[in-house]
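Values below: all heavy atoms of this structure, side chains included; hydrogens, waters and symmetry mates excluded.
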Amino acid sequence: MPTDLSKTWYVSFEVPKKVRKASAQRRPRQSESFPTKLDAQRFAREKFEQGYIVTAGTINPCTPRRAIPSTLIHHWLAEMSEPPFVEPASFEDAKEADLP
């Protein structure tokens, strides 16, 4: 099985047993791998908000090694360092400023 060394993070997710359908029991847990922590966090947040049981971590030989259990995933998602979206200033906003 070839390994993609450019991917350093994984996210594993599982549908809770209460929600799982009989057809989904063959593959109750699935994993995806990502090149960056931010990509992994975005995907993990999406699955977490859908009610999945989510774990994450780094793929060996990446260091420092991290393993985030499902009980702490909400703290890891709070670490997201995505810059907030800011509306660009319009030309009218620039004209209102009085210059000395």
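Separating the OG atom in Ser70 from the OH atom in Tyr52 is a distance of 15.5 Å, to the nearest 0.5 Å. Summarising the geometry, atom CG belonging to Asp39 is positioned 12.0 Å from atom CH2 belonging to Trp9; distances are rounded to the nearest 0.5 Å. The structure places OG1 of Thr8 at 13.5 Å from CZ of Arg65, a figure rounded to the nearest 0.5 Å. Atom OG1 of Thr55 sits about 8.5 Å away from atom CD1 of Ile68, to the nearest 0.5 Å. Between the CD1 atom in Ile53 and the OG1 atom in Thr71 there is a gap of 11.5 Å [rounded to 0.5 Å].
A search for side-chain contact (heavy atoms from CB on, under 4.5 Å) contacts involving Ser33 returns Lys7, Ile59, not counting sequence neighbours. The side-chain contact (heavy atoms from CB on, under 4.5 Å) check on Glu46 picks up Gln50, with sequence neighbours excluded. Residues satisfying the side-chain contact (heavy atoms from CB on, under 4.5 Å) test with Ser31, not counting sequence neighbours, are Ser12. In terms of the salt bridge (charged side-chain N to carboxylate O under 4.0 Å, His left out) criterion, residue partners of Lys37 (sequence neighbours excluded) are, by chain and number, Glu79. In this view, Phe43 and Phe13, Phe34 satisfy the ring pair (Phe, Tyr, Trp, His ring centres under 6.0 Å) rule, not counting sequence neighbours.
Closest approach of Ala44 and Val54 over heavy atoms only: CB-CG1, 3.9 Å.
In this structure, Gln41 contributes its side chain and Trp76 its backbone to a donor-acceptor pair below 3.5 Å.
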